[in-house]
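Atom set for the values below is all heavy atoms of this structure, side chains included, hydrogens, waters and symmetry mates excluded.
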Amino acid sequence: IPGMVRLVRYFGDIGPLREVLAIWERADSLLQQMDGVAHTLDAMVQARCEDEQARRPLIAELVLLNAALTPLQQQFSDTLGAANRFMQRLLLGVMAATAVVFLGVGLVLAWGGVRRSIGYEQSLAYSEQRYELAVAGSNQSVWDYRLKSRQLFVTETLPRWLGYGAQKFDAGIPAFE
C-alpha cells in the first residue's frame, strides 16, 4: 500500500498511470460491494439460515459483481503494462537527454582546455622567438648546464669566442674532460 500511495502521489497525473488508477478505483468500489454482500451471506451461514430464497439473490449479486470485476482485472493488467512501457521510454529519453547534455558540457570543457593549450604554445613560441632575437641582437653568449643529466646548452656565439667549432659543444661537457 505505501508503494501505491507514492505512485499516486508522484505519478498520478501522468496519462497512462491516471487511467490505471481510474480502473483501480472502479475495481476497488466493486470489491467493497462484493465484500459487503459476502459478509451478509457469511452472517446468514453462521446463523444457520436454511432459507435458500434469501441466499439466492446474494449469490446472484456476487456472480454479477464478479462478472463486472473480471474484465477490469484484465484491463488493469493491460493498462499497467502500457504505463510501464511508457515510463520506461520516458526514463530512457530523460537518460539520453542527460547524456547528451553531459557530453556537450564535456566537449565545451575539453575545447576550452585545448584553446588554452594552444594559447600557451603560441605564447611560448613568441617568447622563444623574442629571446633568440634579443640574444642575437646583443652579440652576447648564453649557456646553461644541467648537473643531473650533464647537458650543456650554449648559444652559437660561445664556441666561436672560445675558438672551438660548434660540434665540440654539441657533445656536452664530457668532450672537454
Side-chain angles (χ1 to χ4, degrees), residues 1-31 69-177:
I1 298 287
M4 283 303 292
V5 170
R6 277 194 308 275
L7 187 67
V8 170
R9 186 177 302 148
Y10 297 128
F11 302 107
D13 291 334
I14 295 176
L17 220 45
R18 189 177 324 124
E19 189 178 341
V20 167
L21 294 173
I23 295 168
W24 178 287
E25 287 177 25
R26 287 195 309 267
D28 194 42
S29 172
L30 290 174
L31 285 171
L69 191 59
T70 301
L72 285 178
Q73 180 183 4
Q74 184 62 43
Q75 188 180 5
F76 177 81
S77 180
D78 293 343
T79 308
L80 188 61
N84 181 38
R85 288 185 294 278
F86 170 79
M87 290 303 288
Q88 283 179 333
R89 285 191 306 271
L90 179 68
L91 290 175
L92 184 62
V94 167
M95 288 188 306
T98 302
V100 167
V101 167
F102 280 128
L103 177 65
V105 168
L107 288 174
V108 166
L109 292 175
W111 179 245
V114 167
R115 279 192 1 240
R116 279 192 303 278
S117 178
I118 290 170
Y120 295 151
E121 288 178 18
Q122 288 173 343
S123 293
L124 180 61
Y126 179 69
S127 178
E128 287 176 352
Q129 182 184 23
R130 287 180 51 214
Y131 166 76
E132 291 199 14
L133 288 172
V135 169
S138 68
N139 200 23
Q140 297 293 315
S141 184
V142 178
W143 62 275
D144 182 30
Y145 180 65
R146 295 191 180 162
L147 292 173
K148 284 188 178 182
S149 63
R150 297 189 63 155
Q151 290 179 304
L152 177 66
F153 300 93
V154 297
T155 56
E156 295 176 8
T157 55
L158 184 62
R160 259 194 339 248
W161 286 2
L162 298 175
Y164 293 103
Q167 293 80 15
K168 182 83 167 170
F169 278 79
D170 286 342
I173 292 295
F176 294 97
E177 294 176 349

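For the atom pair CG (L107) and CZ (F102), the distance works out to 13.5 Å, reported to the nearest 0.5 Å. Taking CG of D28 as the reference point, atom CG of L69 lies at 10.0 Å (rounded to 0.5 Å). If you take OG on S77 and CD on Q73, they are separated by 8.0 Å, rounding to the nearest 0.5 Å. Atom CD of Q88 and atom CG of L90 lie 11.0 Å apart (nearest 0.5 Å). One finds the CZ atom of R26 at 9.0 Å from the CG atom of L30 (value rounded to the nearest 0.5 Å). Expressed to the nearest 0.5 Å, how far CD1 of I23 lies from CD of Q74 amounts to 10.5 Å.
Considering all non-hydrogen atoms of both residues, R85 and D78 come closest at NH2-O, 4.4 Å.
When each of R130, Q122, E128 is paired with Y126, the side-chain contact (heavy atoms from CB on, under 4.5 Å) condition holds for R130 and for no other. Here the options are L72, L17, V20, the test is side-chain contact (heavy atoms from CB on, under 4.5 Å), and the partner is T79; only V20 passes.
Of the possible donor and acceptor atoms, one in the side chain of S123 sits under 3.5 Å from a partner among the backbone N and O of G119.
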Could you walk me through whether Y120 and L124 pass the side-chain contact (heavy atoms from CB on, under 4.5 Å) test, one step at a time?
CA-CA 6 Å; Y120 295 151; L124 180 61; over 6 Å; no
